Amino acid sequence: MNIHEYQAREIFRSHGMPVPDSEVATGPEEAAEAARRLGGGVVVKAQVHAGGRGKAGGVKLAADPAEARAAAVAILDLEIKGLPVRKVLVAPAVEIATEAYAGVVMDRASQRPVLMVSPEGGIDIEQVAAEKPEAIFKETIDPRYGLLAHQATGLGYRLFSDPALAGQAARVLNGLWKAYASTDATLAEVNPLVSTPAGEVLAIDAKMNIDDNALFRHPDLAALRDVDAEASSERRARDAGLSYIKLDGDVGCCVNGAGLAMATMDLVKYYGGNPANFLDIGGSSSPDKVIAALQIISEDPNVRSILFNIFGGITRCDDVANGIVAATGRLELEVPITIRLTGTNEREAVRILEAAGFEANTDMDVAVQRAVAAAGRAA
Amino acid sequence: MAIFIGEQTRLVVQGITGRDGSFHTRQMREYGTQVVAGVTPGKGGQPFDGEIPIYNTVREAVVEREANTSIIYVPARFAGDAILEAADAGVGLIVCITEGIPVAEMMRVMPYVRERGARLIGPNCPGLIAPGACKVGILPGQIVRPGPVGIVSRSGTLTYEVIFQLTNAGVGQSTSVGIGGDPIIGTDFVDCLRAFEGDSGTEAVVMIGEIGGTDEQVAARFVSAEMSKPVVGFIAGQTAPPGRRMGHAGAIISGSEGTAAEKIRAFQENGILVAERPVDIVDAIRSVL
């Protein structure tokens, strides 16, 4: 789960990290008010779950409340990578001497968290990794011991040769590790971590991702989910127990199992079509899940053809068939449906579908080709 | 022959009285697996289906029934501890079906399991099946047939699809292993490839990967450096957008790392036959057998 910068700043602050005070605004007047309270120049930043905010015009400096108002008007009108901006952060503009990077990530290969720093901050860290890998320094953390003092100090000196700054940086890294570990995060990142001409080290940005699987033990964090910041179809899918991601194509896909769902999307592409979505109806699927899935897929205006690909194991094909029949009776679908199912209770499923006037395939390639052709005819 | 499981397997089912645990215990027994015990804390002493003794702890199952393999069907919030309990009890092979264990918890579990010399398969996996001999997991028994092809996969139903197509084409399997869709898993592709390389019943291997992480790339280098048996590879997720979790917690392209294109390239550079579609796996395997 992504959380917004303003939420991550709060978590960082609660772990003793030096994060300048800031406010959140949902409208231009609020932004101007916030700028007035903070005093002096401010930066107005879009709060949206997308990278590249700066390039998209989502970050603006403002010298006074009037400029902050204007900046908020412009930013709240933006859509960044398809996501509308509904909130802005207003923070004091900080004088910057140097910009560094610090982040804790979950490293799959070592199966441990890794604390990574670079004196080359302020830009995309992947770009640094690609162009100047020698400027990135890492410490692997044993999760049973946590970040060790010498690891934090050592990385502090990788960022600053001045002992006062290095010491401050080490304290920031400790705070960052604690923020990461105490929230079940999969990412906690400061970019940039700046030093000021006055000799202060400050975290002026904050980014965190929280492990969805751990939210059950962090109800306070689960409450941070911004349901307005995601597509409503994806939110409804989650509520229905479905895993759904909207894409740009016109062949709606309804599959059981994530791997088979991806392979089905790839096959749609292979046969010249474009998948409209990823959708995994999960294991023990009830007819209700199928109805919810069909509803969500069919509400996507780009969808011209719907493809079911079900491999019955735990999932019973007859459950899916009943769901399709019930849903089509209720939803008045205007797009053609192609159905492939095989495995547990396949014969029963075929009987149910044929009685309702559907044709059922057992071959995946045949079904995908038909679904792609149907989308082509409808276009 | 098979890898990791076989006639020697004496299975304890952790979470045997739950909905999934009880259903799949019956399925595994029907398939011929020796299910010697079950564990559900608080239900010790009551036999399951009148025949399988239930204990409160895994240790009792090991002491009383000589269980050497465990399968875990307990809910996510208790599954991490269930793995640790099995490792502590001296179980050598632990298969965890449960989906949804927090990553931070798995990071604590893995070193503990290794220190006790146990092998963990999963979590978030369908388990293993050695056709005609033994099944530890949820793979459907009716779609497999004995034969010379080893299968290792990060997926569930996609694996069934591939097994089904191979079986329909008359190509049998030695063992199919689902290693799980999470970012942190106990047994990776290389572990399985090494076991298949050493298994006299396996002549060729199918490796089914997906987007996310670098496990397939590492495995590809292992294949060219250390394997004599032919390997056919398939990668799911060529049409997956970056930065989005595609169902499996581990199926996510982070930045530019873990794309399907990168994995397919690693396969090609290391002598792995790449199948474009699942159905192409059948032809590719036939060409190397």
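The structure presented is a predicted model; accordingly, all values stated were derived computationally and were not measured. A note on names: the letters A, B, ... follow the listed sequences, proteins ahead of strands, and every chain is numbered from 1.
- Of the two parts of Tyr145(A), neither the backbone nor the side chain holds a non-hydrogen atom closer than 4.5 Å to a non-hydrogen atom of chain B.
- Interface residue Glu234(A): only side-chain heavy atoms are found under 4.5 Å from chain B.
- Listed here is the closest heavy atom pair of Ala263(A) and Ala236(B): N-CB, 4.1 Å.
- Rounded to the nearest 0.5 angstrom, Asn168(B) CG and Thr362(A) OG1 are separated by 9.0 Å.
- Rounded to the nearest 0.5 Å, atoms CG (Asn213(A)) and CZ (Arg77(B)) are 12.0 Å apart.
- Counting heavy atoms of neighbouring residues, nucleotides and ligands inside a 6.0 Å radius, atom CZ of Arg144(A) exceeds 12 of them.
- Taking chain B as the reference chain and counting heavy-atom pairs below 4.5 Å, the highest number among Asp280(A), Leu187(A), Thr186(A), Thr342(A) is found for Thr342(A).
- Here the CG-CD distance, from Leu267(A) to Glu276(B), works out to 10.0 Å after rounding to the nearest 0.5 Å.
- Atom CE of residue Met110(B) and atom OG of residue Ser110(A) lie 12.0 Å apart, to the nearest 0.5 angstrom.
- To the nearest 0.5 Å, atom CD of residue Glu161(B) and atom OG1 of residue Thr264(A) are 7.5 Å apart.
- Counting heavy atoms from C-beta outward, Met106(B) and Met106(A) have side chains that stay 4.5 Å or more apart.
- With a 4.5 Å cut-off on non-hydrogen atoms, Asp211(A) touches chain B through its side chain but not through its backbone.
- Interface residue Pro278(B): only side-chain heavy atoms are found under 4.5 Å from chain A.
- Across Glu115(B), Arg154(B), Gln142(B), the residue that shares the most heavy-atom pairs under 4.5 angstrom with chain A is Glu115(B).
- Most heavy-atom pairs under 4.5 Å with chain B: of the set Val255(A), Val105(A), Ile245(A), Asp184(A), this distinction falls to Ile245(A).
- Of all non-hydrogen atoms in Gly247(B) and Ser243(A), the two that sit nearest each other are CA-OG, 3.4 Å.
- In this structure, the side chains of Ile143(B) and Phe311(A) come closer than 4.5 Å at one or more pairs of heavy atoms.
- Salt bridge status for Arg108(A) with Glu257(B): absent, with no side-chain N to carboxylate O gap under 4.0 Å.
- Between chain A and the options Thr214(B), Asp215(B), Thr157(B), Val279(B), heavy-atom pairs under 4.5 Å are most frequent for Thr157(B).
- Residue-environment remark: CG (Asp142(A)) exceeds the threshold of 12 foreign heavy atoms within 6.0 Å.
- Contacts of Phe234(B) with chain A are made by side-chain atoms alone, with heavy-atom separations under 4.5 Å and no backbone atom involved.
- Heavy-atom contacts from other residues, nucleotides or ligands closer than 6.0 Å to CD of Glu99(B) number 12 or fewer.
- In terms of heavy-atom pairs under 4.5 angstrom with chain A, the leader among Ile185(B), Val218(B), Thr159(B) is Ile185(B).
- Contact count versus chain A (heavy atoms, under 4.5 Å) is highest, among Pro140(B), Gly156(B), Gly213(B), for Gly213(B).
- The candidate from Gly243(B), Pro111(B), Ala260(B) with the greatest count of non-hydrogen atom pairs under 4.5 Å with chain A is Pro111(B).
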**Q.** Pair Gln111(A)-Arg114(B), side-chain contact (heavy atoms from CB on, under 4.5 Å): steps then yes or no
**A.** CA-CA 12 Å; Gln111(A) 304 195 327; Arg114(B) 285 207 187 91; 3.0 Å; yes
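- Just one residue in the list Ile211(B), Ile235(B), Thr239(B) forms a side-chain contact (heavy atoms from CB on, under 4.5 Å) with Met262(A), and that residue is Ile211(B).
- Contact tally against chain A (heavy-atom pairs below 4.5 Å) for Ala251(B), Ser155(B), Ala104(B), Gly100(B): the top residue is Gly100(B).
- A 4.5 Å side-chain heavy-atom check between Phe216(A) and Pro102(B) finds at least one atom pair inside the cut-off.
- Contact of Ile101(B) with chain A is made through the backbone alone, with heavy-atom distances under 4.5 Å.
- To the nearest 0.5 angstrom, Asp363(A) atom CG is 7.0 Å from Gln165(B) atom CD.
- In terms of heavy atoms, Arg277(B) sits closest to Tyr271(A) at NH1-OH, 2.6 Å.
- Taking all atoms of both residues into account, the shortest heavy-atom contact from Glu126(A) to Ser254(B) is OE2-O, 3.5 Å.
- Between His248(B) and Gly259(A), the closest heavy-atom pair is CE1-N, 3.9 Å.
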